[in-house]
Each structure stands twice: as structure tokens, then as C-alpha cells.
Amino acid sequence: QVQLVESGGGLVQAGGSLKLSCAASGRAFSTYTMAWFRQAPGKEREFVAGISADGSMAGYEDSVRGRFTTSRNNAQNTVYLQMNSLKPGDSAVYYCAARLGDTWSSLNFLYNSWGQGTQVTVSS
């Protein structure tokens, strides 16, 4: 397994941007598919974005498509989530997750490594 640490969260006004990072430790990061999930108070954890092990394919939840972009740097064992045009509804704790394999999934139970989360708060 890999160990994951997120950073980059914070407070931002609606319409603003944030870039989250997720640093991985452990071996063979490039063999892991990565994903971002988020969880708002009183709500279930939901899929936000996923990226394939080699970074060639990414997918997004409908409400963030066109505003969020995920990318990765396998040489630096890091995955990113660039969030633009933020809305108050994007406020949540954001988690990165990892699973072995080539293809990302939106199903959280398929991921066996999780970070501790980073808080994103968007004010109106």
C-alpha cells in the first residue's frame, strides 16, 4: 500500500481557485490509479475525479467537469486537483485515494489507501 498526504485546502471565495496536492510514499506509485473524493457534513463520501496510473485518462463527476482538473507527476509521486470557479456547494473535506490497477473507478470501496483529508471551504 501507499501512504497518502493531502495538502492545499483552505478558505476561498466563490469563483476562486485552489490546487490540492496528494503526496504518496511507498513503492511503485506509477502502478496505482488515483482518485479524489469529497465528503460534506451529513453527506456520503462522493467521487470527484479519477486518473489512470499513467496519467493518460481522467474522469470527473458531472458537477465538477469543466471546472476541476486532476493530473499526476509519477516522478514526484504526487497527484493534483486543480479546482476553478469554486462554488459554496464544493465545500467539503477532500480525500485522495489509491488502488492498484490501470483504470480509475468512482466506487470508493475499491480503493484501499486513503489520505487524512484536507478541508475546502468556499464562501458565498
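Worth saying up front: this structure is predicted, and the values here are computed from it rather than measured.
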Handout entry: Within 6.0 angstrom of Gln13 CD, more than 12 heavy atoms from elsewhere
Key = no

Handout entry: Minimum heavy-atom distance Val120-Met83, with the two atoms named
Key = CG2-CE, 3.8 Å

Exercise for the section: Please name the pair of heavy atoms, one in Ala98 and one in Leu4, separated by the smallest distance, quoted to 0.1 Å. Expected result: N-CD1, 3.9 Å

Exercise for the section: Could you tell me whether the side chain of Trp114 reaches within less than 4.5 Å of the side chain of Gln1, counting heavy atoms only? Expected result: no

Problem - Least distance between heavy atoms, Met34 atom then Cys22 atom - result: CE-SG, 4.3 Å

Handout entry: Flag side-chain contact, heavy atom, 4.5 Å: Tyr111 against Phe37
Key = yes

Exercise for the section: Would you kindly check if the NZ (Lys) or CZ (Arg) of Arg72 is within the cone defined by 45 degrees around the ring axis of Tyr32 and under 6.0 Å from the six-membered ring centre? Expected result: no

Exercise for the section: Could you tell me whether the side chain of Gln82 reaches within less than 4.5 Å of the side chain of Ser17, counting heavy atoms only? Expected result: yes

Completion exercise
Applying side chain to side chain donor-acceptor pair (under 3.5 Å) to Ser124 and not counting sequence neighbours gives none

Practice task
Write down the atom of Pro88, the atom of Ala14, and the distance for their closest heavy-atom approach.
Solution key: CD-CB, 4.1 Å

Practice task
Taking the side chain as every heavy atom from C-beta outward, state whether Val64 and Trp36 have any atom pair closer than 4.5 Å.
Solution key: no

Practice task
Indicate, with yes or no, if the rings of Phe47 and Tyr60 have centres closer together than 6.0 Å.
Solution key: no

Exercise for the section: Check whether any side-chain N or O of Ser85 sits under 3.5 Å from a backbone N or O of Gly15 as a donor-acceptor pair, and report yes or no. Expected result: no

Handout entry: Lys/Arg-Asp/Glu bridge criterion (N-O < 4.0 Å) met for Asp90, Lys87
Key = no

Problem - Note, Asn84 side chain near Phe68 side chain (heavy atom, < 4.5 Å) - result: no

Handout entry: Heavy-atom donor-acceptor pair, Glu6 side chain to Ser21 backbone, under 3.5 Å
Key = no

Problem - Hydrophobic cluster identity match, Val48 and Leu18, side-chain contacts under 4.5 Å - result: yes

Handout entry: Leu20 and Tyr80, any side-chain heavy atoms less than 4.5 Å apart
Key = no

Practice task
Check whether any side-chain heavy atom of Thr118 lies under 4.5 Å from a side-chain heavy atom of Val93, and answer yes or no.
Solution key: no

Handout entry: Exercise: identify the closest heavy-atom pair between Ala53 and Asn74
Key = O-ND2, 3.0 Å

Problem - Distance (rounded to the nearest 0.5 Å) between Ser123 OG and Leu86 CG - result: 10.0 Å

Problem - Candidate pair Thr70 and Val79, rule side chain to side chain contact (heavy atoms under 4.5 Å, CB included), full reasoning - result: CA-CA 7 Å; Thr70 189; Val79 63; 3.8 Å; yes

Handout entry: Residue pairs involving residues 48-59 (criterion side-chain hydrogen bond (donor to acceptor under 3.5 Å, both in side chains); sequence neighbours excluded)
Key = Ser52-Asp54, Asp54-Ser56

Problem - Side-chain heavy atoms of Leu100 within contact of Thr31, under 4.5 Å - result: yes

Fill in the blank from the handout: Quick note, side-chain hydrogen bond (donor to acceptor under 3.5 Å, both in side chains) partners involving residues 91-103, not counting sequence neighbours, are Arg38-Tyr94

Handout entry: Minimum-distance pair of heavy atoms, taken over all atoms of Leu110 and Ser105
Key = CD1-OG, 3.3 Å

Exercise for the section: May I ask you to decide if Arg65's main-chain N or O and Glu61's side chain share a donor-acceptor pair within less than 3.5 Å? Expected result: no

Problem - Thr78 side chain to Gln76 side chain, donor-acceptor N/O pair below 3.5 angstrom - result: no

Handout entry: Backbone N/O of Gly101 and side chain of Thr33: donor-acceptor pair under 3.5 Å
Key = yes

